[in-house]
Amino acid sequence: MSASADKRSAYADRRADAGPPFFDLLRLPGVGWFLRQRWARLGMQIPLLLLSVVLVWHGFLGPDLAPKNLATLLTWVHYRGLLVLVLLVAGNFFCMACPFLLPREIARWIFRPVWNWPVRLRNKWLAVALFVLLLFAYEYFGLWSTPFWTAWLIVAYFAGALVVDALFRHASFCKWVCPIGQFNFLASTLSPLEVAVRDLNQCVECRTKDCICGPPASETAADAGRLALPLLAKRGCELALFQPMKVGNLDCTFCLDCVHACPHDNVGLVTRMPGAELAAEEPRSGLGNPLTRPDLAALAIVFTFGALLNAFGMVSPVYVLQAWLSGVLGTTERAPILAILFAVALIVEPVLLLGLAAWWTRRATGTALSLPRLATRYAYSLVPLGFGVWLAHYAFHFLTGALTVVPVLQNALAEIGWPVLGQPNWEFTGMRSGSVFVLELGFLTLGLVGSWIVAIRLARKDQPSAPWRAYLSWVVLQSILWAAAIWLLAQPMEMRGTFLGD
Amino acid sequence: MKMMQRFLVFLAIAPMTILVPSGCSKSSTDGAPDVKVELRMSPDPPTVGQGTATVTLTDKDGGPLRGATLKLEGNMNHAGMKPVFADAKELDPGKYEASVNLTMGGDWFFLIDAVLADGRRLKRKIDVPGVKSR
C-alpha cells in the first residue's frame with residue numbers, strides 16, 4: 001500500500017460515518033464571506049474588548065448595585081445566556097470572538113514567548129481545578145451581586161491570558177488553563193457546527209500541512225511586510241489540532257487559523273451530528289483518545305455535577321442544608337460550609353454514583369476494564385445532560401431579564417451626564433418565568449435524551465450482543481440526575497445563590 | 001532598540017490595569033448622614049407577594065422626623081430582575097408606610113430616597129435578605 005493510500009485510509013477512518021458536509025457556513029454569502037476574511041476574528045474581538053473595558057469601568061466606578069451595573073448584568077445575565085444559546089444553535093463562537101486574547105497578541109508582539117507549556121501540565125487537571133475555583137469564587141464572593149468583584153474577575157482574566165501567553169508559546173492559556181474555554185469545549189461537543197476538512201482526499205495530496213504547521217516562512221515574511229498588524233498573520237493551529245486527524249469540537253476555539261492557513265481552501269465550518277464525538281473511539285489529533293483520559297473525564301464530571309450544584313445554590317432547599325451544616329459545624333463562616341458542599345457535590349457524589357454505575361456495568365458485562373476505566377469511558381455520556389442543566393439555568397436568567405439592559409444602559413448614560421437614551425424605563429424585563437419553565441424542561445429533556453444516546457452508542461461497542469447490560473446503569477444514573485434537575489427547577493427560585501445569607 | 005521601545009510602551013500600559021481599579025472610589029450622595037433609617041417588612045419574615053414596608057426616620061436624638069417625602073425602590077441582588085417602586089405615606093410621626101409587591105424569593109434590597117422637611121435629601125440602601133417563596 002502506498003503512503004498516500006495509508007494516509008487516505010487513516011484520514012477516512014476519522015470520518016467514517018460522515019458524508020460530504022450538508023452545510024458549510026463559510027460558503028454562505030454575508031456571514032460566510034465575513035468569516036473567511038483574515039480580519040474577521042479581530043473584527044469581533046475589538047468590539048468585545050471595548051465592551052469589556054466598559055464593564056470594568058462600570059464595575060469599578062458605577063453603582064455598586066448589581067441590577068443597575070453593566071458589569072454584573074451583562075456578565076451574569078447576558079453573556080452566560082447568550083454563550084449557552086449560541087453553543088446550542090451554532091458552535092464555539094464566543095471563543096472565536098474572545099477579547100482576552102487581544103492583549104496577549106500585543107504582548108507577543110513585544111515579548112515573543114520562547115517556552116513551551118510544561119509537559120507535566122499538558123492535561124486538563126489544572127483547568128479542572130480552576131473551573132472548580134471559579135464556581136467556588138462565584139458563590140464565596142457572591143459575584144452575581146457584586147460589580148466590584150465581577151470587574152476584578154474580568155481584569156484577572158485579561159491578566160491571566162496575558163501572563164500565560166506572554167511566557168508560553170502557542171495557545172497555552174486556551175488549551176490548558178482557561179476554565180471558560182474548557183466549558184465551551186465540552187458544551188460545543190453538542191453544537192451543530194464544527195471546523196472540519198471539506199474533502200479528505202485533498203489532505204492526502206497535501207505536502208505542506210499548513211493547517212498545523214502554518215504557512216511557509218517565505219509567505220509569513222511576505223505577510224508581515226504587507227500587513228501592518230501582526231495579529232492578522234497566517235498561522236497553523238495553536239491548539240495542536242491537525243485537521244485531517246481532528247474529530248469534533250474538543251479543544252477547538254473556532255479561531256479559523258486553519259481555514260486561513262490552508263492553501264487549498266479545504267477547511268470549512270460544517271454541520272455534523274451534535275454529541276456524536278462524545279462516543280467517538282478513535283484517537284484524535286491534539287487529544288489522543290478522550291475515552292481513556294481521566295483528566296478529560298474529570299472535566300466532564302465537574303461540568304455536569306457543577307451544573308447541578310450551581311443551580312442548587314439558587315433554590316430554597318439549600319438554606320435548610322446550610323442551616324443544618326452551620327449548626328453541625330458550629331460556625332457561620334461561609335468558606336468551610338461551601339468547601340464541604342463542593343466536596344460532596346463534585347467529589348463524593350460523582351465517585352459514589354459513577355462507581356456504582358461502573359460496578360453494575362462490569363458485573364453485567366463481565367468486562368475486564370477496571371471501575372475507573374469504565375467510569376472514565378462513560379463519564380462523557382453525562383455531558384449532554386450537564387449542558388441541558390446549564391442551558392436551563394442560564395437561559396432562565398437571560399430570557400427573563402434580557403431587556404433589563406435597556407434601563408441599566410439608560411441609567412449608566414444618565415449618570416455620566418449624557419442621557420441620550422432618555423431616563424431609565426424599568427418596565428423593560430423579559431419573558432415571564434412561567435413561559436421560560438417550559439423551555440427549561442425542554443432543554444433538560446433534550447440533554448437527557450442526548451446522554452442516553454451517547455451511553456447506548458458506547459455500550460454497543462462494548463457489548464454488541466446485549467448492549468443494555470452495559471448502558472442500563474448509566475441510563476438509570478442519567479435519569480436520576482435529570483429528575484434531580486427537574487426537582488431543582490420546580491423549587492421556588494430564591495435568587496441568592498449564596499449558601500449562607502448574611 | 002525597537003524591542004526596548006515596545007517594552008517601554010508595555011510598561012506604561014500594564015500598570016493601568018491595576019491603578020484604575022485601585023484608585024477609584026465612590027462618593028456617597030446621602031445628604032443626611034445623621035438621620036437614622038429603619039425598615040420593617042410585613043409579613044415578617046418577608047414573603048413573596050403583596051406586603052408592607054414601614055420606614056422609620058429619626059434624628060440623632062431619636063426624635064421622629066415628620067413631613068418627609070419618601071420613595072422606595074426594591075431590587076433583587078441578582079441582576080436581570082424588574083425593580084418595584086412605591087411612594088410611602090406618613091401614617092404616624094416619622095413612620096412612613098408603602099405597599100410593595102415582592103415578585104420573587106431571595107435577597108432583596110431597598111433604596112430609600114427621601115426629601116426631608118428641612119430640604120435635605122437622604123439616600124439609603126437597606127438589605128432585605130431571605131424573602132421566602134410561597
Side-chain angles (χ1 to χ4, degrees), chain A residues 56-57 59-69 71-78 81 103 106-107 109-112 142 144-148 151-152 155 158-159 162 314-316 319 397-398 400-402 404-405 407-408 426-430 433 491-498 501-502, chain B residues 2-29 45-49 71 73-86 102-111 123-134:
Chain A
V56 170
W57 161 74
F60 286 131
L61 299 173
D64 59 357
L65 310 170
K68 298 194 169 190
N69 194 291
T72 34
L73 178 68
L74 292 181
T75 303
W76 304 119
V77 174
H78 292 78
I106 295 165
W109 175 55
I110 298 161
F111 290 115
R112 293 219 179 274
W144 72 93
S145 63
T146 47
F148 179 80
W152 260 117
V155 171
F158 273 109
L162 187 71
M314 303 290 291
V315 297
S316 49
Y319 306 115
H397 289 301
F398 175 67
T400 56
T404 53
V405 69
V408 174
W426 298 104
E427 290 301 311
F428 283 103
T429 49
S433 55
Q491 294 303 305
M493 181 74 85
E494 291 199 0
M495 293 231 281
R496 284 201 275 189
T498 177
D502 296 320
Chain B
K2 200 169 181 180
M3 187 74 174
M4 178 60 76
Q5 284 175 348
R6 289 175 176 181
F7 184 67
L8 289 173
V9 169
F10 182 77
L11 273 187
I13 294 170
M16 289 168 68
T17 60
I18 307 298
L19 291 176
V20 167
S22 58
C24 65
S25 63
K26 293 168 188 168
S27 59
S28 169
T29 51
T47 307
V48 168
K71 289 181 187 297
E73 178 186 338
N75 285 277
M76 298 205 75
N77 74 350
H78 196 296
M81 300 301 294
K82 183 180 173 182
V84 295
F85 296 92
L102 302 177
T103 49
M104 185 176 278
D107 287 348
W108 285 72
F109 63 84
F110 275 81
L111 299 174
K123 285 189 173 184
R124 295 287 168 87
K125 175 188 171 224
I126 298 182
D127 289 327
V128 180
V131 172
K132 302 287 178 200
S133 305
R134 284 186 187 275

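By convention in this document, chain letters (A, B, ...) are assigned in the order of the sequence lines, proteins followed by strands, and residues within each chain are numbered from 1.
Residues B:Lys82 and A:Trp426 share a closest heavy-atom pair of CG-O, 3.5 Å. The minimum heavy-atom distance linking B:Ala79 with A:Val77 is given by the pair O-CG2, 3.4 Å. A:Ala66 approaches B:Asn77 most closely through the heavy-atom pair CB-O, 3.3 Å.
Contact count versus chain B (heavy atoms, under 4.5 Å) is highest, among A:Pro67, A:Pro407, A:Gly430, A:Ser433, for A:Pro67. Heavy-atom pairs under 4.5 Å with chain B were tallied for A:Thr72, A:Leu73, A:Thr146; the largest tally goes to A:Leu73.
The contact between A:Ser145 and chain B is made by backbone and side chain atoms together, counting heavy-atom distances below 4.5 Å. Contacts between A:Glu427 and chain B at a heavy-atom distance below 4.5 Å involve backbone atoms as well as side-chain atoms.
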Check against side chain to side chain contact (heavy atoms under 4.5 Å, CB included), B:Leu111 and A:Lys68: CA-CA 12 Å; B:Leu111 299 174; A:Lys68 298 194 169 190; 3.8 Å; yes

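With rounding to the nearest 0.5 angstrom, the CE atom of B:Met81 is 6.0 Å from the OG1 atom of A:Thr400. Distance check: A:Leu65 CG to B:Met76 CE gives 14.5 Å after rounding to the nearest 0.5 Å.
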